[in-house]
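Here the structure is laid out as structure tokens; the discussion comes afterwards.
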Amino acid sequence: MATGLHAPILDWYAENARDLPWRRPDAGPWAILVSEIMLQQTPVVRVLPVWDEWMRRWPTPAALAAEPPGEAVRHWGRLGYPRRALNLHACARAITAEHGGRVPSSYESLRALPGVGDYTAAAVASFAFGGSHAVLDTNVRRVLARAVRGEEYPPKATTTAERKLAESLLPPLDAPRWAVAVMELGALVCTARAPRCADCPVAAACAWRLAGRPAYQGPERRGQTYAGTDRQCRGRLLAVLREAHGAVPKAALDVVWDDAVQRERALDGLVADGLAEALPDDAYRLPA
DNA sequence: TAGCCGTGGCA
DNA sequence: TTGCCAAGGCT
């Protein structure tokens, strides 16, 4: 069904694809894995400089595995969700210890790595190894919701119906190219807020556009406030540890957040998550 | 499974 | 200005 989407989207991609370094022929599986984890919930433009630095510093899983986890956290910078840095470090050590230093190629082996879920396993298996998998990220889900289901947004959690649909659309040849093309269409044209239907290669067949672009009907899409949350507090504390290069007296952490109760809770959380380490004499540092 | 986990740009 | 959102994953 809906295979009429293939040619227009693939042709559009051939003309409009961005030249991203992890898409180049010389990008190996490790470079692609690093990019995919960095790109989780994070815009391309913010990933580019950090990915460049990581690839120079740690060109192989073994190079990263040889470092303490805190170095991964330090060089994560302000990308956000810093446990991804820890996950990538754990990936590097698992790949070194269990896979001979080479990123595994099967979906199942990839899915078993820390921080690698359904999307990332399918993406790496496809883009690094040429596998044929339904790659369901937020872009693909939105494009299919609109073009096929006629709805402005996909449901909050991925449904089996979405997966069935995506699998039914897998082309017999070059599934990875199809996956990246749909993702790119969602990222550049079929965007969440102001879709550019005038530039869309499948506008004529799009169920949502043909229905008059009806507004989203489903349950409210929660927007979470950030100011004053534990997440913001954790971010402030970790920023101090990242920039310190060594032990930080607790007093230096106290000054970045006023609410002492929340600050203690956040600091304990960072330690529990392995993002920080408590030292004797009321000091903290990135994990060694 | 719903809530949590960072950060910054943009409409 | 502020809410929304960005190649999700984990519990």
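First the proteins, then the strands, lettered A, B, ... as listed; each starts at 1.
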Could you tell me how far [M] sits from [N] if I compare only their [atom1] atoms? Round to whole Å.
| N | M | atom1 | value |
| --- | --- | --- | --- |
| B:dC5 | C:dC5 | C1' | 16 Å |
| B:dG6 | C:dC4 | C1' | 15 Å |
| C:dT1 | B:dG8 | C1' | 15 Å |

Determine whether a donor-acceptor pair (one donor, one acceptor, N or O, separation below 3.5 Å) exists between the side chain of A:R193 and the base of C:dC4. yes
Has the side chain of A:R46 got a donor or acceptor that lies under 3.5 Å from a partner of the other kind on the base of B:dT7? yes
Should A:T120 be listed as having a side-chain N or O under 4.0 Å from OP1 or OP2 of C:dA7? no
Could you tell me whether the phosphate oxygens of B:dC4, OP1 or OP2, come under 4.0 Å of any side-chain nitrogen or oxygen in A:R231? no
Does A:D282 have any salt bridge (charged side-chain N to carboxylate O under 4.0 Å, His left out) partners at least two apart in sequence or in another chain, and if so, which? none
Which part of the nucleic acid, if any, lies within reach of A:Y153 when heavy atoms closer than 4.0 Å are counted: base, sugar-phosphate only, or nothing? sugar-phosphate
Nearest-nucleotide pick for [X], side chain only, options being [options]:
| X | options | answer |
| --- | --- | --- |
| A:P43 | C:dA6, B:dG6, C:dG9 | C:dA6 |
| A:W22 | B:dG6, C:dA7, C:dA6 | C:dA7 |
| A:A187 | B:dG6, C:dC5, C:dA7 | C:dA7 |

Is the centre of the A:H6 ring less than 6.0 Å from the centre of the A:W178 ring? yes
Validation row, ring centre A:W76 to ring centre A:W54 under 6.0 Å: yes
When Ile, Leu, Val, Met, Phe, Trp and Tyr are grouped by side-chain heavy atoms lying under 4.5 Å apart, directly or through other members, which residues fall in the same group as A:L275? A:V73, A:L86, A:L237, A:L238, A:V240, A:L241, A:V248, A:L253, A:V255, A:V256, A:L267, A:L270, A:V271, A:Y284, A:L286
